[in-house]
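Below is one structure, written out as structure tokens, with a few remarks after it.
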Amino acid sequence: MKLYCLSGHPTLPCNVLKFKSTTIMLDCGLDMTSTLNFLPLPLVQSPRLSNLPGWSLKDGNVFLDKELKECSGHVFVDSVPEFCLPETELIDLSTVDVILISNYHCMMALPYITEHTGFTGTVYATEPTVQIGRLLMEELVNFIERVPKAQSASVWKNKDVQRLLPSPLKDAVEVSTWRRCYSLQEVNSALSKIQLVGYSQKIELFGAVQVTPLSSGYALGSSNWIIQSHYEKVSYVSGSSLLTTHPQPMDQASLKNSDVLVLTGLTQIPTANPDGMVGEFFSSLALTVRNGGNVLVPCYPSGVIYDLLECLYQYIDSAGLSSIPFYFISPVANSSLEFSQIFAEWLCHNKQAKVYLPEPPFPHAELIQTNKLKHYPSIHGDFSNDFRQPCVVFTGHPSLRFGDVVHFMELWGKSSLNTVIFTEPDFSYLEALAPYQPLAMKCIYCPIDTRLNFIQVSKLLKEVQPLHVVCPEQYTQPPPAQAHRMDLMIDCQPPPMSYRRAEVLALPFKRRYEKIEIMPETAVM
Amino acid sequence: MPEIRVTPLGAGQDVGRSCILVSIGGKNVMLDCGMHMGFNDDRRFPDFSYITRNGRLTDFLDCVIISHFHLDHCGALPYFSEMVGYDGPIYMTHPTQAICPILLEDYRKIAVDKKGEANFFTSQMIKDCMKKVVAVRLHQTVQVDEELQIKAYYAGHVLGAAMFQIKVGSESVVYTGDYNMTPDRHLGAAWIDKCRPNLLITESTYATTIRDSKRCRERDFLKKVHETVERGGKVLIPVFALGRAQELCILLETFWERMNLKAPIYFSTGLTEKANHYYKLFITWTNQKIRKTFVQRNMFEFKHIKAFDRAFADNPGPMVVFATPGMLHAGQSLQIFRKWAGNEKNMVIMPGYCVQGTVGHKILSGQRKLEMEGRQVLEIRMQVEYMSFSAHADAKGIMQLVGQAEPESVLLVHGEAKKMEFLKQKIEQEFRVNCYMPANGETVTLPTSPSIPVGISLGLLKREMAQGLLPDAKKPRLLHGTLIMKDSNFRLVSSEQALKELGLAEHQLRFTCRVHLHDSRKEQETAMRVYSHLKSLLKDHCVQHLPDGSVTVESILIQAAAHSEDPGTKVLLVSWTYQDEELGSYLTSLLKKGLPPAPSGGS
């Protein structure tokens with residue numbers, strides 16, 4: 001049994017498991033941090049961005065000044081943003097039999113895999129994962145396609161050129177394999193290959209192995225997977241949460257007795273407590289608005305935003321915010337809000353109970369009804385008529401490289417009355433802000449990551465007792481910035497096997513039994 | 001011999017009061033727990049004393065499964081769990097769990113408040129009963145206990161309706177509940193995989209009907225409603241609050257919009273809003289089209305259909321009213337019916353099946369004078385129309401489902417005996433499987449032969465593989481191994497491993513056989529003759545002549561000895577272990593035939 005590791009990003013995994021002659025891909029996450037190296041795509045012509053000086057080599061050679069621009073000491077590629085794909089050379093991806101998706105954030109590379117590698121298998125995912133995943137992909141495609149950019153830079157990628165560039169461009173990995181965003185057509189084709197599954201549904205693969213999704217508690221429809229034969233069991237844990245937010249709680253008991261447990265998708269901010277962050281979020285929000293400033297919240301159109309809107313609902317009157325307009329701007333804002341209300345079976349117990357009444361499970365329905373929250377597909381159209389300040393805007397993309405958020409950064413960046421509050425943990429906020437420097441706007445960093453932290457992991461591992469743990473190498477040592485924090489790594493016995501991008505692990509696994517059936521006639525003899 | 005036993009307590013050659021007991025692999029499961037619309041006495045509930053007379057039901061039943069929220073499938077549930085007493089798990093889907101208590105409460109109110117029945121279940125009992133419910137999702141494998149597992153499949157019919165597979169080991173039963181094999185305006189079609197159950201228990205409401213296309217029926221329905229409204233008449237459509245009502249509302253709503261009609265459409269009972277809300281929130285259970293478009297337009301937000309007030313019934317002019325309940329046996333639909341029945345301009349459209357004994361059934365069978373309470377006679381002048389909109393599978397649909405699931409046998413419930421008889425023959429002819437149709441209280445017993453799962457050691461399997469060529473499905477192969485049975489866990493391992501695991505010393509079992517030969521020569525020479533004889537015959541085996549004079553074939557030992565009394569006879573001692581029995585007995589029989597004559601040169 002072998003594990004091929006195609007992604008180096010611990011929360012956006014892509015692994016391939018070979019087990020009993022089946023080839024199973026576990027997630028296909030898309031590393032979007034590559035886009036931080038690019039200039040933002042403004043919705044409205046931005047004189048500031050278009051007048052940035054070209055960057056030239058120290059020796060005065062200026063052949064790169066069309067492709068690279070400099071802003072406050074940082075260098076950016078002036079081109080259509082590109083993404084870092086999972087490794088495609090390590091294993092022939094046309095031999096992959098099935099792809100198991102654990103949550104909507106971990107499927108963003110799907111069109112690259114299903115459309116361009118000769119893949120002919122089936123993809124398995126839960127209904128909310130597919131629906132919300134579709135929204136995320138549609139939003140991404142929309143953000144990129146609605147601001148067509150003529151230039152596609154490639155000279156800087158040349159190995160001999162790249163090593164002359166300043167950091168972080170110099171250190172960017174696998175730049176030659178970076179790809180532009182897929183099209184809507186590719187998204188539709190990829191999603192048509194998905195077969196819907198429900199928690200605890202047992203799916204037979206060729207009669208050799210059985211796969212089962214389990215609730216992972218992290219997002220609507222998010223799952224961990226059990227891959228088992230009659231005598232061997234592998235658990236794949238990805239993006240799980242033990243906090244009580246909106247999704248159904250995590251199913252831990254079914255992970256017991258695993259021979260191997262592959263552990264990915266832990267919290268990216270192990271030192272922050274999500275509850276504390278939510279408190280901080282609202283106090284900075286209220287403070288800014290009270291002083292007459294605007295608040296910008298760069299976010300994804302689904303996920304934590306549901307919880308933030310729910311807290312807002314409880315908080316809005318007592319904090320005296322009921323006259324402040326809240327805007328949610330995304331091409332899929334309406335769909336996301338509507339979809340969140342129809343997945344009763346995938347929600348936590350309290351929310352299910354509301355549906356039985358019958359009432360909408362999320363209170364944002366009421367915020368919309370009472371006109372406190374308004375949603376728009378983009379800043380163009382109705383929004384420009386309704387727009388009042390001071391206000392609070394939730395919009396994407398959290399990388400600040402494309403989407404309506406770029407417009408608000410340009411619009412509000414010059415005033416110290418305004419605040420941008422980062423809640424999504426996927427991008428370093430300092431890097432995200434770099435092309436907007438110098439900024440007068442206040443920046444607050446309140447990352448809300450509800451995924452498992454190291455204390456919860458060690459408790460979980462003690463409880464489910466896997467024989468072996470496999471995890472990304474990042475989890476086997478403390479984070480580089482906190483090298484002394486020995487508690488910020490996985491601690492278990494035997495020590496975990498770690499993997500890195502483009503590595504192949506032989507899993508310590510000895511198959512000893514196979515199932516046969518004895519006919520009753522033979523048995524009575 | 002293991003067997004599966006099925007006893008309907010209700011719905012056996014009948015429609016109503018669905019309740020079927022199944023015993024499979026030592027587990028007892030009750031499928032549905034319904035009431036009968038045609039009775040107001042004890043017969044309205046299943047006779048649970050059949051299960052046990054004095055013991056607790058919980059001790060006899062491993063679980064209860066409810067297929068959907070219609071009262072003829074769940075109406076007896078609070079009586080069963082709270083008044084008779086059952087504390088085990090009750091399984092149903094999420095929408096059923098949400099809607100079931102509301103319909104039960106409605107039913108209770110009509111029985112207690114309107115009809116003044118005593119000794120009926122209370123609101124609190126409904127609540128307590130619902131606390132015992134465990135919600136299941138489609139296709140989820142629910143492990144009821146270590147051995148018993150159940151799985152729900154989409155059934156169409158009404159929101160949240162499900163078919164259930166009940167499985168113990170390799171034995172399984174599928175119960176369809178009520179289902180629909182053609183998608184309608186708001187629900188999808190039932191579907192099941194090729195799960196090959198030992199038994200398929202299917203409803204057979206429309207066992208003999210092959211219905212024309214749905215489109216025609218819809219057009220007919222709209223035409224009739226339209227004509228009546230045009231001539232200033234009132235249309236009464238008795239429905240159950242949830243289910244067909246929503247489908248017909250969607251139909252009328254779109255028609256009204258298209259034709260720009262102004263006559264009011266009303267929906268009786270306070271349930272409307274609420275009912276439509278359930279459809280909005282459980283939209284994932286509706287059909288593809290509604291699910292796809294719900295963000296742009298939620299089909300369950302009606303513009304033309306308004307809430308009904310009792311006073312509206314006397315308003316002049318045309319109107320369309322949906323009123324509950326669906327069989328005109330009580331409540332608001334019956335009240336409106338009495339008011340409007342005398343006018344020939346009006347029309348009542350019965351969109352579903354009516355149970356015998358209900359007013360609906362009477363008018364459909366052509367009765368024009370009805371005796372109401374207090375000896376009043378109601379003369380019916382209004383037009384009576386029947387439109388089959390009930391979402392049950394027709395004969396074609398039932399055959400289709402049998403084809404999908406490929407059961408070993410079929411059992412019919414939820415239908416009329418005569419119609420069942422016809423379908424039974426058809427199924428037996430077409431699929432060559434046994435088909436049963438037990439009456440209530442009658443038990444069907446099916447012998448089964450479940451195979452026994454065993455874990456075989458991979459080492460043993462690989463060793464056997466290495467000995468021969470690839471497995472040939474046409475030829476049986478012999479495999480030596482030891483079966484270890486330990487707490488209902490079976491393993492097949494090599495004997496060496498078994499000995500090691502169990503800490504036993506190996507005992508060797510040897511057979512020794514004496515074969516007499518007429519041979520006056522010396523023993524050594526006899527042995528030599530045996531050797532050359534066997535060597536020439538057994539080309540594939542290793543035949544050796546050892547220095548001590550004995551001959552071996554593989555591990556079988558042959559020694560020649562003198563006969564104690566007869567010098568003209570030699571005795572061959574053939575000895576082999578139990579494992580070599582096959583070769584050993586073959587050699588013995590070979591030697592018993594004697595040796596070929598010795599080469600002449602010697603004598």
Side-chain angles (χ1 to χ4, degrees), chain A residues 126-128 131 135 195-204 210 212-215 229-232 248 253-254 332-339 341-347 349 351-361 365 510-524, chain B residues 1-2 93-95 97-102 130 135-143 149 151-152 160 169-170 193 273-286 291 294-296 298 448-462 479 481 483 490-493 497:
Chain A
T126 64
E127 185 168 4
Q131 298 294 6
L135 297 182
Q195 193 164 324
L196 298 183
V197 293
Y199 291 151
S200 308
Q201 178 176 347
K202 293 178 178 168
I203 304 134
E204 288 289 341
Q210 197 180 51
T212 310
L214 304 172
S215 175
S229 63
H230 290 285
Y231 292 93
E232 299 87 19
Q248 203 176 101
S254 306
V332 298
N334 185 27
S335 299
S336 166
L337 293 171
E338 290 286 342
F339 270 115
Q341 306 287 21
I342 65 160
F343 292 123
E345 290 161 74
W346 308 87
L347 293 173
H349 186 77
K351 297 227 174 303
Q352 259 175 26
K354 285 187 84 177
V355 173
Y356 285 9
L357 289 177
E359 279 173 21
K510 196 145 194 266
R511 291 185 50 226
R512 292 168 59 198
Y513 285 97
E514 187 57 88
K515 194 191 140 189
I516 56 166
E517 284 185 350
I518 296 187
M519 290 192 315
E521 293 82 351
T522 316
V524 290
Chain B
M1 197 69 179
T93 66
H94 283 268
Q97 190 190 3
I99 296 165
C100 185
I102 294 169
M130 292 312 290
V136 301
R137 279 180 302 262
L138 286 181
H139 303 159
Q140 172 190 9
T141 300
V142 179
Q143 211 72 43
Q149 61 184 41
K151 180 176 175 182
S170 60
D193 52 11
E273 268 304 284
K274 233 178 164 181
N276 293 338
H277 237 83
Y278 281 117
Y279 278 85
K280 279 189 240 168
L281 294 171
F282 284 113
I283 211 139
T284 54
W285 284 78
T286 60
R291 272 158 51 187
F294 94 102
V295 175
Q296 289 80 44
N298 197 318
T448 59
S449 52
S451 49
I452 297 146
V454 172
I456 184 166
S457 132
L458 269 182
L460 180 63
L461 205 57
K462 280 184 183 154
L479 183 143
L483 190 65
F490 296 78
R491 284 181 305 135
L492 192 59
V493 299
Q497 190 186 338

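Residue numbers start from 1 in every chain, and the chains themselves are labelled A, B, ... in the order their sequence lines are given, proteins ahead of strands.
For B/L281 against A/Q341, the heavy-atom pair with the smallest separation is CD2-O, 3.6 Å. Minimum heavy-atom separation, B/S451 to A/P520: CA-CD, 4.0 Å. For the residue pair B/H277 and A/P360, the shortest heavy atom distance occurs at NE2-CD, 4.4 Å. The shortest non-hydrogen separation linking B/T284 to A/I342 is CG2-O, 3.7 Å.
With a 4.5 Å cut-off on non-hydrogen atoms, B/P2 does not touch chain A at all. Interface residue A/E359: only backbone heavy atoms are found under 4.5 Å from chain B. Proximity to chain B is limited to the backbone of A/L357, based on heavy atoms less than 4.5 angstrom apart. Contact annotation for B/V142: neither backbone nor side-chain heavy atoms come within less than 4.5 Å of a heavy atom of chain A. Neither the backbone nor the side chain of B/Q296 comes within contact range of chain A, judged by heavy atoms closer than 4.5 Å.
Annotation: maximal heavy-atom pairing with chain A below 4.5 Å, among B/T141, B/T93, B/I99, occurs at B/T141.
Residues passing the ring pair (Phe, Tyr, Trp, His ring centres under 6.0 Å) test with A/Y199, sequence neighbours excluded: A/W346. Partners of B/F490 by ring pair (Phe, Tyr, Trp, His ring centres under 6.0 Å), not counting sequence neighbours: none found.
Note that the CD atom of B/Q149 and the NZ atom of A/K202 stand 4.5 Å from one another [nearest 0.5 Å]. Between the CG atom of B/D193 and the CD atom of A/E204 there is a distance of 11.0 Å, given to the nearest 0.5 Å. In this structure, CD on A/Q248 lies 4.5 Å from CZ on B/R137, to the nearest 0.5 angstrom. Taking CG of B/L138 as the reference point, atom CD of A/E127 lies at 10.0 Å (rounded to 0.5 Å). Taking NE2 of B/H139 as the reference point, atom OG of A/S200 lies at 13.5 Å (rounded to 0.5 Å). Expressed to the nearest 0.5 Å, how far CG of B/L458 lies from CD of A/E514 amounts to 6.0 Å.
Residues A/Q201 and B/Q140 fail the side-chain proximity criterion, which asks for heavy atoms closer than 4.5 Å. Proximity of A/Y513 to B/V493: side-chain heavy atoms (C-beta onward) are separated by under 4.5 Å at one or more points. With contacts defined as side-chain heavy-atom distances shorter than 4.5 Å, the pair A/F339/B/V295 qualifies.
For A/R511, the CZ atom counts as densely surrounded, since its 6.0 Å shell holds more than 12 non-hydrogen atoms of other residues, nucleotides or ligands.
Between A/I516 and the choices B/I456, B/I452, B/L479, the side-chain contact (heavy atoms from CB on, under 4.5 Å) rule is met once, by B/I456.
The aromatic rings of B/F282 and A/Y356 are tilted relative to each other, their planes meeting at an angle between 30° and 60°.
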